[in-house]
Amino acid sequence: MGLVVQKFGGTSVGDATRIRRCAKRVAAAREDGREVVVVVSAMGHTTDELLQLAAEVSTSPGRRDLDLLLSTGEAVTAALMSMALRDLGHDAVPLTGGLLGIRTDRGYGSARIVAVETDAIARHLREGRIVVAAGFQGTAPDHSITTLGRGGSDTTAVALAAALGVREETGGVCEIYTDVDGVYTADPRIVPGARRLARISYEEMSELASLGAGVLHTRAVLFGQRYEVPIHVRHSAREAEGTMVVRESIDMERKAVVGCALTPDLARIAIRGIPNRPGVQGTIFRVLAEASLLVDDIIQNESADTADIAFTVAADRLGDVKIAAERAAAEVGAIGGVSVEVGLAKVSVVGVGMRTHTGVAATMFESLAAAGIRIANITTSEIKISCIVPKERGAEALAAVHDAFGLGSAAVPAPARVSATV
Ligand code: ADP
Ligand code: ASP
Ligand code: MG
């Protein structure tokens, strides 16, 4: 039997009892004769509490300082999990950032993994130990601690699994244990009628995750896809089937939409009166990229020889975005200034079957219209359609769309098919 990587999220390791309960699951896999790497998140709301503490100490905490602080949350759980495993009679070793061999760039706060050096982990496994990895962290070239972005312990788990050769062929698996028993057709906290999916493709899962389905970190899914790591999302306190995130299969093509997601809090920035000469768009978005700001959809309107450009961003970095947008507006000589609109949300539907079905957009727009919800903007890609809606109607919009595609029931009505796949 292959190696298993088991990752336990914050709620699952929220107190001593839960840590001991998760340790039993780890021990059971080891007693089954498997090699086990455990990845743990910080306990409960520790990461939020550490962020709050930093905000009380400093009005502008340094990003490197913050990463060192935040990484301690996962270190605490790793040490406790190792203790719990030893109590159950297993040899275990807790490893943090550098010791784990996870090398990243210097992008404190959302660092990218550039290499995983598995020598130390492999040696511990060979020597019969359970490796307990502190999730969410790595080290930069200067050995300083970095973190991978909120929810990043999933990415630690899948990256370690990929580097350790976890593949379907080798019988390995990366298990993500959380507080829900799998991936649902929508966040079950927002849409109570949502249904668990037995399987979902990497492509659909990464799209849903990036659009707000927080059950998995987007980059974890992308790692899984690139290295074909089977990812099994499961409930940490229940023996239930869960959801397998796997390669796309023909069977999955039958449904136009497999799930929907909500990005609950967006803002829209507009830069007006831009002299529309070649290169201005590049200048504006280069300034934002240099500040490591992620921009969502972009709309440009032209009038005479000027243009207005509006783009949406996550509301949590609005302050930084506004500063960068003002700098960009000055650089291109925009005469209309910068304006900010808050209170937006985005509802999206996702499915690889959209490539071969028509009517998906119409169904989505009609369902929002029937609920009396105004659409502020629409964006599409090959496998998703997103609508920007007023924030206060976000949850309602998600439920309406979920209903329109019949996602809560096992039989999903498919819009007309235009090209057949076998
Ligand atoms: P963990 O701490 O274990 O990493 P998260 O809070 O990050 O857990 O992710 C689990 C949560 O993701 C669930 O409680 C659920 O509310 C939310 N969620 C959002 N979208 C989905 C979805 N499509 N399917 C399942 N859970 C989802
Ligand atoms: N503790 C980190 C967070 O809360 C990472 C994680 O839990 O995945 O975002
Ligand atoms: Mg998570």
Side-chain angles (χ1 to χ4, degrees), residues 6-14 18 22 39-52 66-67 69-78 96-97 109-111 133-138 145-159 175-200 204-221 231 233-238 240 242-243 245 257-264 316 347-351 394-395 398-399 401-402 407-408:
Q6 298 189 321
K7 179 258 169 177
F8 295 93
T11 316
S12 306
V13 291
R18 289 179 196 207
C22 294
V39 177
V40 287
S41 286
M43 294 169 69
H45 298 291
T46 302
T47 309
D48 292 326
E49 285 157 15
L50 290 171
L51 278 170
Q52 178 59 36
L66 258 186
D67 271 13
L69 178 72
L70 295 189
S71 73
T72 63
E74 271 67 12
V76 167
T77 323
T96 52
S110 56
F136 176 56
Q137 56 194 274
I145 294 252
T146 52
T147 65
L148 308 180
R150 297 307 304 267
S153 296
D154 295 337
T155 297
T156 306
V158 184
E175 297 178 333
I176 304 288
Y177 286 97
T178 183
D179 58 2
V180 61
D181 66 350
V183 177
Y184 277 65
T185 48
D187 186 339
R189 277 193 235 187
I190 308 177
V191 182
R195 187 173 51 87
R196 182 183 57 83
L197 298 162
R199 288 183 314 148
I200 185 166
E204 288 163 329
M205 190 63 239
S206 61
E207 196 79 56
L208 278 173
S210 70
L211 295 166
V215 62
L216 281 177
H217 200 226
T218 311
R219 279 156 56 198
V221 190
I231 302 174
V233 181
R234 310 182 66 181
H235 201 295
S236 61
R238 280 189 230 145
T243 300
V245 187
V257 169
V258 296
C260 51
L262 180 70
T263 314
D316 60 347
V347 63
S348 309
V349 296
V350 170
L398 187 70
V401 165
H402 188 266
L407 293 176

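Counting starts at 1 for both ligands and their atoms, in listed order.
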How about [X] and [Y]: do any of their side-chain heavy atoms sit closer than 4.5 Å?
X      : Y      : value
Thr11  : Thr178 : no
Thr46  : Val76  : no
Thr243 : Val215 : no
Thr77  : Ser41  : no
Asp48  : Arg150 : yes

Non-hydrogen atoms of [X] and [Y] that approach each other most closely:
X      : Y      : value
Gly135 : Val39  : CA-CG1, 3.8 Å
Ile176 : Asp154 : CG2-OD1, 3.8 Å
Thr72  : Leu69  : OG1-O, 2.6 Å
Leu148 : His217 : O-CE1, 3.7 Å

Among all the protein's non-hydrogen atoms, which is closest to [atom], and how far away is it?
atom                    : answer
atom 21 (C) of ligand 1 : Asp187 CA, 3.6 Å
atom 2 (O) of ligand 1  : Gly10 N, 3.1 Å
atom 4 (O) of ligand 1  : Lys7 NZ, 3.1 Å
atom 26 (N) of ligand 1 : Val215 CB, 3.5 Å
atom 7 (O) of ligand 1  : Gly214 O, 3.4 Å
atom 7 (O) of ligand 2  : Ser41 OG, 3.1 Å

Thr218 backbone acceptor or donor facing Ser206 side chain under 3.5 Å: no
At the 4.0 Å heavy-atom cut-off, does Gly151 count as touching ligand 2? yes
Whether Gly152 lies under 4.0 Å from ligand 2, heavy atom: yes
Strictly under 4.0 Å, does any heavy atom of [X] approach an atom of ligand 1?
X      : answer
Arg196 : no
Gly151 : no
Ser41  : no
Gly259 : no

Euclidean distance, His402 NE2 relative to Leu407 CG, rounded to 0.5 Å: 4.5 Å
SG/Cys260 to CG/Leu208 distance, rounded to the nearest 0.5 angstrom? 8.0 Å
Test of proximity, [X] against ligand 1: N or O pairs below 3.5 Å:
X      : result
Gly212 : no
Thr178 : yes
Tyr184 : yes
Asp154 : no

Would you sort out whether Arg18 and Asp179 count as a salt bridge (Lys or Arg N to Asp or Glu O under 4.0 Å), showing the intermediate values? CA-CA 12 Å; Arg18 289 179 196 207; Asp179 58 2; over 6 Å; no
Options Met205, His45, Arg189, Arg195, ranked by nearest heavy atom to atom 14 (O) of ligand 1, top entry: Arg189
Checking heavy-atom distances from atom 4 (O) of ligand 2 to each of Gln137, Met43, Arg150, the winner is Arg150
Contact atoms of ligand 1, heavy-atom distance to [X] under 4.0 Å:
X      : value
Val183 : 24 (N)
Ala186 : 22 (C), 23 (N)
Gly182 : 24 (N), 25 (C)
Asp179 : 10 (C), 11 (C), 13 (C), 14 (O)

His217 and ligand 2 - part of the residue with a heavy-atom distance under 4.0 Å: neither
Can you confirm whether the side chains of Asp67 and Thr147 place a donor and an acceptor under 3.5 Å from each other? yes
